[in-house]
Amino acid sequence: MKGGGDVAEGQIRQSLSGFYDVMTTSGRLVRTRARGNFRSRKITPLVGDQVVIDAPNDHEGYILEVKPRRNQLVRPPVANVDQAIVATAVREPVFSTNLLDRQLLALEIAKIEPVVYLTKTDLLTAEEQPEFVQLAADYRQIGYQVIYDPVAFSQTAITALDELLEDKVSVIMGQTGAGKSTLLNHVAPDLDLATGEISAALNRGKHTTRRVSLLEVAGGLIADTPGFSSYDAFDLDARSLGQYFREFRRAAVNCRFRGCVHVNEPGCAVKAMVESGEIRQSRYENYLLLYQALKNQKPNYRK
Ligand SMILES: Nc1nc2c(ncn2[C@@H]2O[C@H](COP(=O)(O)OP(=O)(O)OP(=O)(O)O)[C@@H](O)[C@H]2O)c(=O)[nH]1
Ligand SMILES: [Zn+2]
């Protein structure tokens with residue numbers, strides 16, 4: 001096999017029907033395919049991969065090498081994701097800390113930094129607002145970035161999001177109707193996404209072409225396909241659940257027993273902090289629900 005004279009490095013920006021569009025470090029967009037011998041090694045290139053390609057000028061190129069990944073998601077199939085914007089509606093669909101905590105858990109497992117963006121805040125009455133001010137404060141205390149903007153789409157909130165997107169690869173996730181498309185349209189009006197369009201592109205239902213791409217938004221890249229459902233089963237041992245609740249993990253060093261699961265053990269520092277109000281009650285309740293669910297989960301038969 002003759003080595004092509006046009007070897008370049010770059011990042012896969014789009015995949016569609018076996019083609020991968022690669023943005024090279026010199027700013028050229030090259031359509032490529034994965035080589036046969038390369039595919040036989042069972043490495044499927046993913047959008048977001050850093051790759052080495054053979055990039056001739058006259059015809060389509062080939063991917064020669066995929067660099068090691070920092071992380072990878074199944075939905076959307078994207079590698080090397082820096083962060084996930086978790087669009088969380090305060091209303092419509094009804095707000096649930098349980099859903100939020102499940103999403104955060106999924107991201108902790110995937111080693112992707114969450115940014116919680118509270119949407120539809122304009123629908124809150126003045127009496128309902130303090131609950132979300134408290135929620136934002138509690139989750140920031142845990143160590144999460146939270147954008148809470150009582151006006152909805154104020155310049156301050158959009159600027160904060162723009163700054164977070166810069167130079168990063170992001171995915172957006174959130175329930176259907178959480179306001180993902182609407183939010184993206186505020187950060188990138190050029191995209192002009194029809195509301196509801198994102199889910200249509202989710203390959204749910206009738207769409208048969210599986211196109212995934214990274215869009216240039218606010219000086220960063222954002223996947224055009226939203227993130228995984230939090231109802232996916234977690235591939236996790238119940239006993240390790242506490243490690244993925246950041247404030248539990250910090251507190252656990254003070255539990256009397258090593259391997260404390262913070263349920264019935266005496267001398268549990270997590271429970272003590274729940275009682276003293278230092279750990280949010282709803283976080284503990286959601287932890288217990290997840291703990292029970294994981295304990296009852298059937299073993300996951302993997303290949
Ligand atoms: N009042 C209000 N309505 C909003 C806000 N954000 C979105 N909406 C509305 O909520 C509905 C759903 O918004 P979308 O942006 O389509 O939600 P999505 O998360 O992209 O939904 P899917 O594509 O189904 O996943 C639309 O009718 C929006 O106009 C908001 O901040 N305030
Ligand atoms: Zn404990």
Side-chain angles (χ1 to χ4, degrees), residues 68-86 88 95-118 131 134-146 170-171 173-175 227-303:
R69 294 169 182 150
R70 273 186 291 124
N71 56 38
Q72 71 187 76
L73 285 175
V74 177
R75 260 192 294 161
V78 177
N80 302 318
V81 178
D82 294 302
Q83 62 189 0
I85 313 303
V86 185
T88 305
F95 174 77
S96 141
T97 60
N98 187 269
L99 175 65
L100 177 59
D101 288 337
R102 292 177 68 101
Q103 289 170 314
L104 295 175
L105 170 63
L107 292 170
E108 292 286 341
I109 294 170
K111 297 197 175 69
I112 293 169
E113 184 64 27
V115 174
V116 179
Y117 194 108
L118 296 171
E131 177 192 339
Q134 184 67 51
L135 180 98
D138 289 349
Y139 279 80
R140 284 186 193 121
Q141 174 83 28
I142 294 167
Y144 292 114
Q145 303 176 82
V146 182
S170 306
V171 298
M173 56 189 286
Q175 271 178 299
F228 46 93
S229 151
S230 59
Y231 293 102
D232 292 349
F234 293 109
D235 186 9
L236 195 68
D237 183 330
R239 284 167 303 182
S240 64
L241 180 63
Q243 290 168 28
Y244 299 96
F245 278 60
R246 293 181 179 182
E247 73 279 41
F248 291 29
R249 185 173 66 217
R250 288 192 295 265
V253 295
N254 297 318
C255 291
R256 188 178 304 159
F257 299 105
R258 200 183 304 163
C260 182
V261 293
H262 327 304
V263 180
N264 291 316
E265 297 92 333
C268 172
V270 170
K271 281 196 290 177
M273 287 178 80
V274 174
E275 267 150 46
S276 69
E278 291 162 276
I279 286 180
R280 193 183 154 97
Q281 181 76 30
S282 69
R283 287 279 287 175
Y284 187 62
E285 286 163 9
N286 293 332
Y287 171 84
L288 289 180
L289 289 171
L290 280 160
Y291 180 82
Q292 283 308 330
L294 288 173
K295 269 188 74 171
N296 298 332
Q297 191 170 285
K298 294 209 176 68
N300 186 359
Y301 296 102
R302 274 167 292 169
K303 282 176 266 166

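- Atoms CG and CD1, on L104 and I109 in that order, are 11.0 Å from each other to the nearest 0.5 Å.
- Atoms OH and OG, on Y291 and S240 in that order, are 10.0 Å from each other to the nearest 0.5 Å.
- No side-chain donor-acceptor contact under 3.5 Å links R283 to the backbone of V274.
- Heavy-atom minimum distance, G242 versus F248: O-CB, 3.6 Å.
- Counting heavy atoms of neighbouring residues, nucleotides and ligands inside a 6.0 Å radius, atom CD of Q292 exceeds 12 of them.
- In plain terms, the two heavy atoms of P114 and V86 that are nearest each other are CB-CG2, 4.3 Å.
- The shortest distance between side-chain heavy atoms of D138 and V146 does not fall below 4.5 Å.
- Between the side chain of D82 and the backbone N or O of S170 there is no donor-acceptor pair closer than 3.5 Å.
- Between the E113 side chain and the K111 main chain, no donor and acceptor come within less than 3.5 Å of each other.
- Looking at heavy atoms from C-beta onward, L105 lies in side-chain contact with L241 at the 4.5 angstrom threshold.
- Here the straight-line distance linking atom CD of E285 with atom CG of N98 works out to 10.0 Å at 0.5 Å rounding.
- Annotation: the span from M173 atom CE to L73 atom CG amounts to 8.5 Å, rounded to 0.5 Å.
- Listed here is the closest heavy atom pair of H262 and A252: CE1-CB, 3.8 Å.
- Rounding to the nearest 0.5 Å places SG of C260 at 7.0 Å from NZ of K271.
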Determine whether R246 and E108 satisfy the following criterion, salt bridge (charged side-chain N to carboxylate O under 4.0 Å, His left out), listing intermediate values before the conclusion.
CA-CA 9 Å; R246 293 181 179 182; E108 292 286 341; 2.5 Å; yes
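- Using a 4.5 Å heavy-atom threshold, the side chains of I279 and F245 count as separate.
- Expressed to the nearest 0.5 Å, how far CG of L100 lies from CG of N286 amounts to 8.5 Å.
- Proximity of a side-chain donor or acceptor of Y284 to a complementary backbone N or O of V270 within less than 3.5 Å is not detected.
- When all heavy atoms of Q103 and Q175 are compared, the closest pair comes out as NE2-N, 4.3 Å.
- Taking all atoms of both residues into account, the shortest heavy-atom contact from A238 to K295 is CB-CG, 3.7 Å.
- Side chains of Q83 and L107 form no contact here, defined as non-hydrogen atoms less than 4.5 Å apart.
- Closest heavy-atom contact between F234 and R102: CZ-O, 3.5 Å.
- With contacts defined as side-chain heavy-atom distances shorter than 4.5 Å, the pair R280/T97 qualifies.
- Counting only distance, with no hydrogens or angles, the side chain of R239 and the backbone of V261 share no donor-acceptor pair below 3.5 Å.
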Can you check side-chain contact (heavy atoms from CB on, under 4.5 Å) on L236 and L290, steps first, answer last?
CA-CA 11 Å; L236 195 68; L290 280 160; over 6 Å; no
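- The side-chain heavy atoms of D101 and Y244, taken from C-beta on, include no pair separated by under 4.5 Å.
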